[in-house]
Amino acid sequence: SSDLLSLAVLDALSARSARVRTRRELAPGLHTHGIRDASGSYCEKRNNCCPGRVDSCTVPYLDTICYCDLFCNRTVSDCCPDFWEYCLGIEPPFPAPIKEVCHRNGQKYPTGVTYRNNCNLCTCAVNGKWECEHHVCLVNEHIINAVNGGNYGWRAGNYSQFWGMTLDEGIRYRLGTSKPPTSVMNMNELHVKLGENEVLPASFNAAHKWPGMIHEPLDQGNCAGSWAFSTAAVASDRISIHSMGHMTPALSP
């Protein structure tokens with residue numbers, strides 16, 4: 001009988017040793033070099049902590065998956081970053097987080113994530129702080145608000161096609177001008193003496209004076225040739241006016 005018992009024990013041990021280990025058991029631990037995205041919401045987002053071993057108790061985690069079952073809390077851990085705090089109410093038994101996270105609008109972002117603040121690119125740094133460029137932007141909200149808050153007779157607007165451009169890009173691509181020479185800078189205004197019966201109007205609108213003969217302003221885009229567009233526009237209007245509206249060409253810059 002003792003021989004039969006020994007054979008039974010040997011068979012049991014042999015069967016146990018022959019059991020195939022699952023892929024999960026063979027996989028390396030997730031946190032051997034510290035917990036990535038330690039502040040992320042995983043088990044809490046799943047709103048479930050599974051008892052025992054439940055291989056389907058998973059949540060997507062960066063480029064793999066993590067687990068929220070008690071089996072994950074073993075020597076080779078594949079637990080989600082918030083498993084210990086959310087499911088067990090304790091601190092995680094692993095090194096401090098590899099990277100801090102950045103906060104924006106109530107959301108958390110890992111290192112390397114970027115976003116644009118108008119014309120400046122902001123990047124989440126390793127220290128958990130946003131590091132932004134410091135370009136002067138073509139559209140400035142503070143200037144818009146200051147103009148619209150005053151009584152200047154006109155209102156400033158946020159033109160979406162200019163949003164995200166730097167002031168330098170606006171000057172190079174939109175103005176296309178060079179600094180005038182000294183002789184031009186030193187020019188004085190002309191003084192004209194009006195006749196006794198001549199009176200300048202309080203306002204003047206060419207579209208009202210010559211209806212149907214004045215063209216809409218052209219959009220030069222990023223052509224950097226404002227001088228060409230303005231010249232072509234004036235020439236188009238003059239042809240229409242002199243021909244009494246019989247010729248209304250839109251000349252190309």
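Model, not experiment: these values are computed from the prediction.
- Separation of atoms CG (D69) and CZ (R24) is listed at 4.0 Å; rounding is to 0.5 Å.
- No side-chain donor-acceptor contact under 3.5 Å links Y61 and D78.
- A salt bridge is defined here as a Lys NZ or Arg NE, NH1 or NH2 lying under 4.0 Å from an Asp or Glu carboxylate O, and R46 with D82 fails to meet this definition.
- Between the side chain of S77 and the main chain of N73, no donor-acceptor pair closer than 3.5 Å is present.
- For the pair S41 (side chain) and E44 (backbone), a donor-acceptor distance under 3.5 Å is absent.
- By the rule that hydrophobic residues join a cluster once side-chain heavy atoms approach within less than 4.5 Å of another member, Y152 and I143 end up as members of one cluster.
- When hydrophobic clusters are built by joining Ile, Leu, Val, Met, Phe, Trp and Tyr residues whose side-chain heavy atoms come closer than 4.5 Å, directly or via intermediates, M165 is grouped together with V139.
- Between the side chains of Y42 and D37, at least one donor N or O sits under 3.5 Å from an acceptor N or O.
- Not a single donor-acceptor pair under 3.5 Å links the side chain of T248 to the backbone N or O of G245.
- Between the side chain of H31 and the backbone N or O of C79, at least one donor-acceptor pair lies under 3.5 Å.
- Both tests do not hold together for R104 against Y109: distance to the six-membered ring centre under 6.0 Å, angle to the ring axis within 45°.
- In this structure, R172 and D168 have side chains that are in contact, with non-hydrogen atoms separated by less than 4.5 Å.
- To the nearest 0.5 Å, atom CG of residue L121 and atom NE2 of residue H135 are 8.5 Å apart.
- Side-chain contact between N158 and I144 is present, with heavy atoms from C-beta onward closer than 4.5 Å.
- Put simply, I65 and L26 are part of two different groups of oily side chains (I, L, V, M, F, W, Y) that touch within less than 4.5 Å, one to the next.
- The closest donor-acceptor contact from the side chain of H215 to the backbone of P249 lies under 3.5 Å.
- Heavy atoms from other residues, nucleotides or ligands lying under 6.0 Å from CD of E91 number 12 at most.
- Looking only at side-chain heavy atoms (C-beta outward), W163 and E141 come within less than 4.5 Å of each other.
- Across the pair C72 and C80, the gap between the SG atoms, which is the quantity tested here, reaches or exceeds 2.5 Å.
- With values rounded to the nearest 0.5 angstrom, F83 atom CZ is found 7.5 Å from C68 atom SG.
- Side-chain contact between M213 and D237 is absent, with no heavy-atom pair separated by less than 4.5 Å.
- A donor-acceptor pair is defined here as one N or O able to donate and one able to accept, closer than 3.5 Å; no such pair exists between the side chain of T64 and the backbone of P60.
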Chi angles and distances behind the salt bridge (Lys or Arg N to Asp or Glu O under 4.0 Å) call for R53, E25: CA-CA 12 Å; R53 176 174 178 174; E25 292 173 292; 3.7 Å; yes
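- Between W130 and Y115, the closest side-chain pair of non-hydrogen atoms falls below 4.5 Å.
- Cluster annotation: L138 is connected to V136 through the hydrophobic network of ILVMFWY side chains, with a link wherever side-chain heavy atoms come within less than 4.5 Å.
- Under a 3.5 Å cut-off, the side chain of S240 and the backbone N or O of M247 do form a donor-acceptor pair.
- Distance check, rounded to the nearest 0.5 Å: CG of L218 to CD of E216 gives 9.5 Å.
- At least one side-chain heavy atom of I241 sits under 4.5 Å from a side-chain heavy atom of I214.
- At distances below 3.5 Å, at least one donor-acceptor pair connects side-chain atoms of S236 with backbone N or O atoms of L251.
- Within the 4.5 Å cutoff, side-chain heavy atoms of E189 are placed close to those of H191.
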Let's go through V126 and E131 carefully: what are the C-alpha distance in whole Å and the side-chain angles of both, what is the deciding distance for side-chain contact (heavy atoms from CB on, under 4.5 Å) to 0.1 Å, and is it a yes or a no? CA-CA 10 Å; V126 178; E131 294 182 352; over 6 Å; no
Just do the side-chain contact (heavy atoms from CB on, under 4.5 Å) check on V147 and W154 with the steps written out, would you? CA-CA 8 Å; V147 170; W154 63 283; 3.8 Å; yes
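- Under the 2.5 Å SG-SG cutoff, C124 and C102 qualify as a close cysteine pair.
- Distance check, rounded to the nearest 0.5 Å: CD of E169 to CZ of F162 gives 12.5 Å.
- Between F229 and T231, every side-chain heavy-atom pair lies at or beyond the 4.5 Å cut-off.
- The backbone N or O of A156 lies less than 3.5 Å from a partner atom in the side chain of N148, making a donor-acceptor pair.
- More than 12 heavy atoms of other residues, nucleotides or ligands shown are found within 6.0 angstrom of CD on E133.
- Criterion: ILVMFWY side-chain heavy atoms under 4.5 Å apart, direct or through other members. Under it, V113 and L62 are not part of a common hydrophobic cluster.
- Judged by distance alone, the side chain of N118 and the main-chain N or O of G164 form a donor-acceptor pair under 3.5 Å.
- Within 6.0 Å of CD in E85 there are 12 or fewer heavy atoms belonging to other residues, nucleotides or ligands.
- The sulfur atoms (SG) of C49 and C87 lie less than 2.5 Å from each other.
- Rounding to the nearest 0.5 angstrom, the gap separating the CG atom in N127 from the OG1 atom in T111 is 8.5 Å.
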